[in-house]
Amino acid sequence: MQVFGLIGNPVGHSVSPPMHEAAYEEYGMDARYVTFEPDQGSIARAIDGADALGITGLNVTIPFKRDVAEVVDPDPLAERIGAVNTVAFGGEPTGYNTDAAGVVRSFEHHDVTLSGRAVVVGAGGAGRAAAFALADAGMDVHIANRTVERAEALGAAVPNASSGDLDDLDAVLADADVLVNATSVGMESDETPVPKAALHSDLAVLDAVYAPIDTRLLTDARAIGATTIDGAWMLLFQGVEAFEIWTGRDAPVDAMDEALRNAL
Ligand code: NAP
């Protein structure tokens, strides 16, 4: 039997187990996906132990994405982002950041062409992944963040990027094609980090927040005719990408999507 899993703290409410196990069932794989909650100080031993036990792959979530990047061999994209959310074992443990692919594949799935200007709101883990992913896809990226120093630091690392705070979103969004909310604003609340007046109908808007699925930002964007993509798509495609890294096979996207949305 192959064992996959998720390490984070807490992981009790994760929807990754049903999403990945739907893929194993679809393909008739003898495999399980298990959640683990190591202590903050034992992440290096947890990775060594998983390797020694023959675990095939692990996802990594809060608060360990940066720590794991220090104890595995990150691929070039994960190294630039500075965070790992997927580890593949069997040889030197290698770290990947599939949140980046989660962003790009969410837009591609909705037939959004990634050219022109992208605005990423947020400069934490999700913001870093989105900014590098969209720049690598060929977009000019603007990073806006409440703490402007974090936006500036990220803007200096991402090719062709500019940065600022949240006060001039009106101006930076005027000629933007793509908007990503990579802050936690809107999570379990009716708040939005972007004023409705700053949105326009030519935007494609991805909200990384997936609880609730239909955030205030997406409701506002839909009301003015923008393309909207909810956070479950990003969650789906980061998992799809991880499955494909671990198995070398195309993932059964529809089965994973159905299981994920049933679990959310
Ligand atoms: P993080 O590293 O803690 O970053 C949080 C970000 O939110 C920072 O930019 C922070 O700004 C900003 N922020 C927090 N409270 C704010 C407020 N009241 N007003 C304005 N900005 C605020 O978290 P993360 O890992 O990037 O996650 C961010 C969100 O993305 C979460 O909701 C998470 O669930 C979601 N996410 C979704 C997926 C997916 O697959 N759908 C994947 C990863 C993350 P400061 O720098 O100023 O603190």
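Counting starts at 1 for both ligands and their atoms, in listed order.
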Sequence neighbours excluded, every pair satisfying side chain to side chain donor-acceptor pair (under 3.5 Å) that has a member inside residues 133-146: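 Those involving residues 133-146 are R80-D136, H142-S162.
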Determine which pairs satisfy side chain to side chain donor-acceptor pair (under 3.5 Å) with at least one residue from residues 22-35, sequence neighbours left out, and list them in order. Y33-N59
For H109 and F237, I'd like to know if the aromatic rings sit close, meaning centre-to-centre distance below 6.0 Å. yes
E152, CD atom: more than 12 neighbouring heavy atoms under 6.0 Å: yes
Can you confirm whether more than 12 heavy atoms, excluding those of R222, are under 6.0 Å from its CZ atom? yes
Mind listing the side-chain donor-acceptor pairs of residues 9-17 below 3.5 Å, one per line with the distance, residues two or more places apart or on another chain?
{"from": "N9", "atom 1": "ND2", "to": "P38", "atom 2": "O", "distance (Å)": "3.3"}
{"from": "S14", "atom 1": "OG", "to": "S16", "atom 2": "N", "distance (Å)": "3.0"}

Which protein N or O atoms sit under 3.5 Å from any N or O of ligand 1? Give atom names and distances.
{"from": "ligand 1", "atom 1": "2 (O)", "to": "G125", "atom 2": "N", "distance (Å)": "3.0"}
{"from": "ligand 1", "atom 1": "7 (O)", "to": "S184", "atom 2": "N", "distance (Å)": "3.4"}
{"from": "ligand 1", "atom 1": "9 (O)", "to": "A123", "atom 2": "N", "distance (Å)": "3.0"}
{"from": "ligand 1", "atom 1": "9 (O)", "to": "N145", "atom 2": "OD1", "distance (Å)": "2.7"}
{"from": "ligand 1", "atom 1": "11 (O)", "to": "N145", "atom 2": "OD1", "distance (Å)": "3.3"}
{"from": "ligand 1", "atom 1": "18 (N)", "to": "R146", "atom 2": "NH1", "distance (Å)": "3.4"}
{"from": "ligand 1", "atom 1": "26 (O)", "to": "G125", "atom 2": "N", "distance (Å)": "3.1"}
{"from": "ligand 1", "atom 1": "26 (O)", "to": "A126", "atom 2": "N", "distance (Å)": "2.7"}
{"from": "ligand 1", "atom 1": "40 (O)", "to": "L235", "atom 2": "N", "distance (Å)": "3.2"}
{"from": "ligand 1", "atom 1": "41 (N)", "to": "A208", "atom 2": "O", "distance (Å)": "2.9"}
{"from": "ligand 1", "atom 1": "41 (N)", "to": "G231", "atom 2": "O", "distance (Å)": "3.0"}
{"from": "ligand 1", "atom 1": "46 (O)", "to": "N145", "atom 2": "ND2", "distance (Å)": "2.8"}
{"from": "ligand 1", "atom 1": "46 (O)", "to": "R150", "atom 2": "NH1", "distance (Å)": "2.7"}
{"from": "ligand 1", "atom 1": "47 (O)", "to": "R146", "atom 2": "NE", "distance (Å)": "3.0"}
{"from": "ligand 1", "atom 1": "47 (O)", "to": "T147", "atom 2": "N", "distance (Å)": "3.0"}
{"from": "ligand 1", "atom 1": "47 (O)", "to": "T147", "atom 2": "OG1", "distance (Å)": "2.5"}
{"from": "ligand 1", "atom 1": "48 (O)", "to": "R146", "atom 2": "NH2", "distance (Å)": "2.9"}

